[in-house]
Student: 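Below is a structure I'd like to ask you about.
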Amino acid sequence: MKFTAPIHVGIQDEPLSLDDLWHFLAQAQGGGIAIFGGTTRRITGDRVTRELSYEAHHSMALKEMRRLADEASSRWDTLRIGILHRIGVVPVSDASVLIGVATRHRGPAFEAARFLIDELKVSVPIWKKEHFEDGSVQWQGDAWLR
């Protein structure tokens with residue numbers, strides 16, 4: 001996948017590529033790269049998860065992801081930022097979100113990546129549906145409406 005520099009945001013229905021994100025970030029020639037990956041966990045509380053599925057309001061989600069990346073860029077001295085989110089069915093252990101930040105030093109990379117995932121979870125219109133082994137389902141992700 002070809003990413004645009006210095007910021008790339010994307011929503012896709014195929015598996016996310018950690019290698020592609022790494023190569024995009026490593027091109028920045030910085031001294032620190034932080035990558036966060038959110039995956040489908042097998043156990044949620046006392047329930048066994050079969051899979052997750054995600055839906056998004058694409059244009060609004062991409063716009064908000066870009067706004068968050070721009071904000072992170074203005075708060076930290078970032079060189080490159082990548083935010084990728086998967087939609088559709090995401091099996092156990094697969095990544096549903098990858099966030100990467102390249103900076104000159106490690107501290108700002110960690111700080112910016114933490115900011116991006118925390119803010120993405122509350123402000124980007126992406127909804128998660130948890131499918132459990134017992135057949136029950138649970139929706140998550142309406143915090144951005146509040």
Side-chain angles (χ1 to χ4, degrees), residues 1-28 30 32-103 108-146:
M1 175 175 281
K2 196 80 164 155
F3 295 161
T4 59
I7 292 173
H8 177 79
V9 298
I11 297 172
Q12 61 192 59
D13 58 5
E14 61 268 357
L16 303 177
S17 172
L18 185 57
D19 286 342
D20 287 349
L21 181 60
W22 175 264
H23 291 295
F24 166 71
L25 296 167
Q27 295 300 314
I33 293 175
I35 295 176
F36 170 81
T39 61
T40 301
R41 63 180 163 266
R42 185 65 159 154
I43 305 295
T44 302
D46 60 351
R47 297 159 84 182
V48 178
T49 303
R50 187 179 76 235
E51 65 190 15
L52 300 179
S53 59
Y54 289 88
E55 294 180 19
H57 185 299
H58 279 76
S59 62
M60 287 176 64
L62 290 169
K63 182 178 177 181
E64 182 64 10
M65 290 162 73
R66 178 61 196 227
R67 186 194 69 75
L68 292 173
D70 288 342
E71 184 175 341
S73 261
S74 72
R75 291 176 67 177
W76 293 276
D77 187 19
T78 63
L79 300 169
R80 290 199 177 186
I81 293 175
I83 304 173
L84 304 172
H85 207 295
R86 186 170 171 186
I87 57 169
V89 174
V90 182
V92 170
S93 79
D94 277 14
S96 49
V97 63
L98 291 177
I99 293 180
V101 180
T103 61
F110 284 122
E111 293 167 14
R114 176 68 183 254
F115 164 80
L116 288 167
I117 187 57
D118 289 349
E119 291 300 312
L120 180 140
K121 301 271 292 173
V122 297
S123 68
V124 176
I126 296 176
W127 304 277
K128 174 174 73 172
K129 188 175 187 181
E130 297 177 282
H131 302 262
F132 299 102
E133 289 288 332
D134 65 8
S136 64
V137 296
Q138 181 175 333
W139 280 98
Q140 303 286 330
D142 64 351
W144 70 278
L145 292 171
R146 296 185 190 124

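Below, each value reflects all heavy atoms present in this structure, side chains not excepted, and no hydrogens, waters or symmetry copies.
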Student: A side-chain contact here means heavy atoms from C-beta on lying under 4.5 Å apart; do T78 and P6 qualify?
Tutor: no

Student: Can you give each donor-acceptor pair under 3.5 Å made by side-chain atoms of residues 92-99, sequence neighbours left out, with the distance rounded to 0.1 Å?
Tutor:
residue, atom, partner, partner atom, Å
D94, OD2, R86, NH1, 3.2
S96, OG, G38, O, 3.3
S96, OG, Y54, OH, 3.1

Student: Let's go through H8 and L84 carefully: what are the C-alpha distance in whole Å and the side-chain angles of both, what is the deciding distance for side-chain contact (heavy atoms from CB on, under 4.5 Å) to 0.1 Å, and is it a yes or a no?
Tutor: CA-CA 8 Å; H8 177 79; L84 304 172; 3.6 Å; yes

Student: What pair of heavy atoms forms the shortest contact from W22 to I35, and how long is it?
Tutor: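 Of all heavy-atom pairs spanning W22 and I35, the closest is CE3-CD1, 3.7 Å.
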
Student: Of all heavy-atom pairs between P125 and E64, which one has the smallest distance, and what is that distance?
Tutor: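 Closest pair (atom of P125, atom of E64, distance): CD-CB, 4.5 Å.
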
Student: Any chance you could measure I81, atom CD1, to W76, atom CH2, to the nearest 0.5 Å?
Tutor: 9.0 Å

Student: Can you give me the closest heavy-atom contact between A56 and I126, atom names plus distance?
Tutor: CB-CG1, 3.8 Å

Student: Using 0.5 Å steps for rounding, measure from the CG atom of L62 to the CZ atom of R67.
Tutor: 14.0 Å

Student: How close do I83 and A69 get, counting heavy atoms only, and between which atoms?
Tutor: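 Nearest heavy atoms, I83 then A69: CD1-CB, 4.1 Å.
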
Student: Suppose we screen for salt bridge (charged side-chain N to carboxylate O under 4.0 Å, His left out). Which residues come up paired with D118, at least two apart in sequence or across chains?
Tutor: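 Per chain and number, D118 pairs via salt bridge (charged side-chain N to carboxylate O under 4.0 Å, His left out) with R114.
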
Student: Under 3.5 Å, is there a donor-acceptor pair between the side chain of T40 and the main chain of L52?
Tutor: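 No; zero donor-acceptor contacts below 3.5 Å.
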
Student: Donor-acceptor pair, distance only, cut-off 3.5 Å: does the side chain of S123 make one with the backbone of E119?
Tutor: yes

Student: Which atom names give the shortest non-hydrogen contact between W127 and H57, and what distance separates them?
Tutor: CZ3-N, 3.4 Å

Student: Roughly how far apart are I43 CD1 and F132 CZ, rounded to 0.5 Å?
Tutor: 10.0 Å

Student: Do I87 and E55 come within less than 4.5 Å of each other through their side chains, counting heavy atoms only?
Tutor: no

Student: With the side chain counted from C-beta on, respond yes when R42 and E133 share a heavy-atom pair under 4.5 Å apart, and no when they do not.
Tutor: yes

Student: CG of L68 to CZ of F115: how many Å apart, nearest 0.5 Å?
Tutor: 5.5 Å

Student: What heavy-atom pair brings R66 and V9 nearest, and what distance separates the two atoms?
Tutor: N-CG1, 4.0 Å

Student: H85 versus L120: any side-chain heavy-atom pair under 4.5 Å?
Tutor: yes

Student: Among K129, H131, E130, whose side chain to side chain donor-acceptor pair (under 3.5 Å) with S53 holds?
Tutor: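 Only match with S53 under side chain to side chain donor-acceptor pair (under 3.5 Å): H131.
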
Student: Are any of the side-chain heavy atoms of I33 and V101 separated by less than 4.5 Å?
Tutor: no

Student: For the residue pair I11 and M65, establish whether any side-chain heavy-atom pair is separated by less than 4.5 Å.
Tutor: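 Yes, side chains in contact.
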
